[in-house]
Visitor: 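I have a structure I would like to understand better, so I am pasting it below and will then ask my questions one at a time.
Numbers for residues simply follow the sequence, beginning at 1. What you see is a predicted model; the values in this text were computed from it and never measured. Counting starts at 1 for both ligands and their atoms, in listed order.
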Amino acid sequence: MKLTNYHTHCYMDDGSRPIEEYVTWAIEHNFDALGFSCHTPVPYEDDWHLAQHDLQKYFDEIKRLKKEYVHDVELYTGLELDYADDRKELLGSEFQDRVDYVIASVHMFRDADGEGYLSFDGPETELQMLLDRNFENDGRRMAEAYYHCLCEMMDRHTFDILGHIDLIKKRNRHNRFFDQTQGWYRDAALQALEAAARNHVRLEVNTGGIARGAIDEPYPAVWMLKHCKELGIRLVLSADAHRPQDLMCAFDTTLSHIRDAGYRELDVLYGGKWIPTDI
Ligand SMILES: [Zn+2]
Ligand SMILES: [Zn+2]
């Protein structure tokens, strides 16, 4: 099996360390390929997207490292794009031809009461504000709106990997905002899987919520993996690492969940192409 990760954040967005530290960590741990996926620059300022004026520096730094470590590990330049629900656009898609791959994610909704967007992936206070302003504090409405956005994004746009398909559960430990065991929730999540299948979308199995101590299972939930297999959805394994030491966080247990769902291979970007690797 090829050891890889294509979902990596560094000091330039909301990750933590210089890009080279991730590369050397990956080499020490025998990675075959490593990709970087900064949150794409957006047309406004915030503290978690790559700044417009850093984009070229980001590209140049990875290009330099690709040369320097050419005999040690394959390196790839990616971006994590953001779906803007109000414009139905994938922010950052204008950079798609300058990178090796893109991840498409829904992290936020247009603020119903003000300027800009509110994220449900960031600080708790921002999530509370989003719930209050956009959804009258109704967690079910927020979760349903989230899955609706995901389906819309998959039906309208093309990309290489869909980011963390059930991210909306991140702050929902003990079902505090909505009940993930209810039929309506499962139906909404299954609709997203069906949209992935009909659009031939590759999903990531993402362990980033475990690394951050937010949840105990990957995105997607273990029960969803069996449905992914039935629907013929291709998978890639992702750490969504914000620190070098998280680059393969919980990969062993997550791989056994993937195997239990019936998968015998995963997709990897290797030799410049997306190919299957046995697991
Ligand atoms: Zn993300
Ligand atoms: Zn990410």
Side-chain angles (χ1 to χ4, degrees), residues 4-17 19 22 26 34-42 46-51 54-55 58 62 76-85 89-93 95-96 99-109 117-124 126-127 130 142-143 146-147 149-150 153-154 157 159-172 189 192 196 201-215 217-221 235-251 254 269:
T4 65
N5 172 53
Y6 308 98
H7 197 150
T8 314
H9 298 281
C10 66
Y11 78 103
M12 286 190 179
D13 60 354
D14 61 346
S16 62
R17 305 297 305 162
I19 296 174
Y22 294 83
L34 176 65
F36 291 89
S37 58
C38 253
H39 289 290
T40 184
V42 288
D46 66 12
D47 58 2
W48 55 282
H49 287 94
L50 179 65
D54 280 339
L55 185 66
Y58 173 65
I62 301 172
Y76 291 97
T77 313
L79 283 170
E80 183 172 9
L81 309 185
D82 255 289
Y83 189 62
D85 59 325
E89 278 171 25
L90 206 45
L91 303 179
S93 41
F95 309 122
Q96 217 155 340
V99 294
D100 299 314
Y101 68 95
V102 292
I103 301 171
S105 298
V106 178
H107 301 106
M108 60 194 193
F109 292 96
Y117 296 86
L118 292 171
S119 166
F120 51 85
D121 183 35
E124 175 104 18
E126 194 171 335
L127 168 67
L130 173 68
M142 179 177 70
Y146 168 76
Y147 284 112
C149 268
L150 269 184
M153 179 175 82
M154 288 187 266
H157 298 281
F159 42 83
D160 300 284
I161 303 170
L162 178 79
H164 38 58
I165 190 165
D166 54 350
L167 179 66
I168 197 69
K169 75 182 177 195
K170 179 175 172 183
R171 305 271 183 209
N172 197 45
V201 167
R202 181 183 295 115
L203 295 196
E204 63 171 1
V205 183
N206 173 322
T207 63
I210 304 170
R212 292 170 152 216
I215 48 175
E217 62 167 12
Y219 312 106
L235 301 180
V236 58
L237 182 59
S238 288
D240 200 348
H242 290 68
R243 307 180 302 176
Q245 64 265 42
D246 292 335
L247 278 173
M248 52 193 284
C249 176
F251 271 17
T254 303
L269 178 56

Visitor: Between D121 and H164, is the side chain to side chain donor-acceptor pair (under 3.5 Å) condition met? List the steps.
Guide: CA-CA 11 Å; D121 183 35; H164 38 58; 5.3 Å; no
Visitor: Whether the side chain of Y101 engages the backbone of Y6 through a donor-acceptor N/O pair (distance < 3.5 Å, no angle test) should be reported.
Guide: yes
Visitor: Decide side chain to side chain donor-acceptor pair (under 3.5 Å) for S119 and E126; before the verdict, give the C-alpha distance in whole Å, the side-chain angles of both, and the deciding distance to 0.1 Å.
Guide: CA-CA 6 Å; S119 166; E126 194 171 335; 4.6 Å; no
Visitor: Quick one: name the protein N/O/S atoms under 2.8 Å from the Zn ion (ligand 1), chain by chain.
Guide: E80 OE2, H107 NE2, H164 NE2
Visitor: With no hydrogens and no angle check, is any side-chain donor or acceptor of D85 less than 3.5 Å from a backbone partner on F109?
Guide: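 The answer is no, because no donor-acceptor pair under 3.5 Å joins these two groups.
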Visitor: Is the H107-W48 ring centre distance short of 6.0 angstrom?
Guide: yes
Visitor: Rounded to the nearest 0.5 Å, what separates atom OG in S238 from atom NE2 in H7?
Guide: 6.5 Å
Visitor: From H242, does some N, O or S atom reach closer than 2.8 Å to the Zn ion (ligand 2)?
Guide: no
